[in-house]
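Note sheet for the following structure.
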Amino acid sequence: MRVLIAASLMAAVGLPLAAHARPSAAPAPAETPKVHRVEKLAENAYCIFGQGGNIGLIVTAKHAVLIDDQFERLVPGLVEAVRSVTDKPIKYLINTHGHGDHVGGNVVLEKQVSAIIAHANVRRRMVTEQAKLEPAKRGGLPELALGSEDANERARLNIHLDGTEIHLLHLGPGHTNGDVIVGIPSALVMHMGDLFFLGMLPFVDLEGGGSFEGLVAQISSVAAWIPEGARIIPGHGPVCGKKGLLRYRDFLQAVQAHVKANPGKEASALAASFDAAAWPEWKPRPDFVTWETLFSAALGKGPGRVTRP
């Protein structure tokens with residue numbers, strides 16, 4: 001929304017060169033692999049895929065706006081991807097939430113944008129996390145924060161830029177306590193951040209103030225009013241339309257209903273008895289979110305993902 005190769009084999013094993021061997025030319029430096037791919041969604045809206053959360057790009061008459069930025073090390077490639085679309089200056093950087101694979105590039109991009117915008121809880125989270133770092137590694141905090149630290153308080157911000165409207169909505173706790181949905185009404189494009197996972201099981205960050213019940217409520221609400229023909233950027237996975245969001249809503253509601261139909265069961269039992277085959281679009285990852293950790297989150301327990309050592 002941040003990677004050189006070797007000398008000759010003879011040198012590596014210490015073999016002498018032939019007496020009359022001509023010195024070989026120095027090898028050309030290897031190019032840094034390109035990790036970003038740009039997909040055009042509308043005349044002025046794009047999705048940039050890379051490593052980490054999906055990035056949105058809005059191009060107005062005079063400016064560009066970025067939605068998320070993945071990791072610090074990937075910023076040069078991200079900027080190159082943006083420049084493949086437009087040479088207009090990036091005015092705003094919007095963060096959909098505060099996880100590192102969505103805000104890692106802030107510390108570099110803050111020097112290139114007029115302002116970073118996020119929910120108040122994203123700023124609070126980043127301030128807390130950066131307090132543990134050396135001063136030289138800090139930076140990239142949002143300057144403009146919408147909403148309050150009460151995650152249940154809804155918030156909205158409308159940006160009017162060069163005749164283009166950009167809507168930021170916070171509807172309550174879901175993936176975290178600071179999620180923002182970004183909509184471009186004129187383009188019928190919406191970036192939902194990690195409220196929407198497609199291709200893998202969703203992560204509900206309970207330790208970050210997330211709520212499975214809140215996630216279900218938000219997706220159900222958006223699915224009820226999003227127009228036909230809309231293009232939706234999920235936090236992770238391919239771009240889809242309203243049909244894909246409705247399917248995600250149904251999946252979340254099925255998980256919710258399974259929990260309610262089996263009171264007292266632990267997450268492992270719920271995972272074992274759930275009809276996962278009916279929902280092939282959402283796959284578990286043993287290093288991230290498994291069926292058991294998802295059901296733990298649905299029960300309001302655990303971190304929502306596999307614990308890292």
- Query: If you draw a 6.0 Å radius around CZ in Arg154, do more than 12 non-hydrogen atoms from other residues or ligands fall strictly inside?
  - Reply: no
- Item | NZ (Lys62) with more than 12 external heavy atoms under 6.0 Å | no
Side chain to side chain, [X] and [Y], heavy atoms closer than 4.5 Å:
X      : Y      : result
Leu171 : Val222 : yes
Ser186 : Glu165 : no
Val122 : His119 : yes
Met190 : Ile226 : yes
Gln218 : Met192 : no
Pro234 : Asn54  : yes
Leu198 : Cys240 : yes
Leu294 : Phe212 : yes

- Are a donor atom and an acceptor atom from the side chains of Ser220 and Gln253 found within less than 3.5 Å of each other? yes
- Task: Would you please say whether a donor-acceptor pair under 3.5 Å links the side chains of Arg156 and His170?
- Result: no
Donor-acceptor pair, [X] side chain versus [Y] backbone, under 3.5 Å?
X      : Y      : result
Asp179 : Thr176 : yes
Thr290 : Pro286 : no
Asn177 : Gly209 : no

- Task: May I have the step-by-step check of side chain to side chain contact (heavy atoms under 4.5 Å, CB included) for Val65 and Leu161, ending in yes or no?
- Result: CA-CA 9 Å; Val65 176; Leu161 183 63; 3.6 Å; yes
- Message: As a test of understanding, state which of Leu93, Ile94, Ile58 forms a side-chain contact (heavy atoms from CB on, under 4.5 Å) with Leu66.
- Response: Leu93
- Note on the structure: Closest non-hydrogen atoms of Gly147 and Ala120, given as atom of the first, atom of the second and distance, are O-CB, 3.7 Å
- Item | Minimum heavy-atom distance Thr86-Ala64, with the two atoms named | CG2-CB, 4.3 Å
- Please state whether the rings of Phe203 and His175 are parallel, tilted or perpendicular, taking 30° and 60° as the class boundaries. perpendicular
- Relative to the ring of His97, is the ring of His99 parallel (under 30°), tilted (30 to 60°) or perpendicular (over 60°)? perpendicular
- Apply ring pair (Phe, Tyr, Trp, His ring centres under 6.0 Å) to the pair Phe295 and His258, showing each step before the final yes or no. CA-CA 9 Å; Phe295 276 102; His258 188 61; 5.6 Å; yes
- Chi angles and distances behind the side chain to side chain contact (heavy atoms under 4.5 Å, CB included) call for Val306, Phe288: CA-CA 5 Å; Val306 176; Phe288 187 37; 5.9 Å; no
- Going through the distances and angles, do His63 and Asp162 end up as a side-chain hydrogen bond (donor to acceptor under 3.5 Å, both in side chains)? CA-CA 8 Å; His63 301 93; Asp162 307 330; 2.8 Å; yes
- Task: Give the intermediate values and the outcome of side-chain hydrogen bond (donor to acceptor under 3.5 Å, both in side chains) for residues His102 and Asp194.
- Result: CA-CA 9 Å; His102 293 259; Asp194 280 5; 3.2 Å; yes
- Item | Worked check of side chain to side chain contact (heavy atoms under 4.5 Å, CB included) between Leu133 and Gln130 | CA-CA 5 Å; Leu133 302 177; Gln130 290 193 14; 4.2 Å; yes
- Item | Among Arg125, Arg124, Arg123, salt bridge (Lys or Arg N to Asp or Glu O under 4.0 Å) partner for Glu149 | Arg124
- Task: Using a strict cut-off of less than 4.0 Å between a Lys/Arg side-chain nitrogen and an Asp/Glu carboxylate oxygen, indicate whether Glu228 and Lys243 qualify as a salt bridge.
- Result: no
- Task: Identify which one of Tyr248, Phe274, Phe197 satisfies the ring-ring contact (aromatic ring centres under 6.0 Å, His included) criterion when paired with Trp282.
- Result: Tyr248
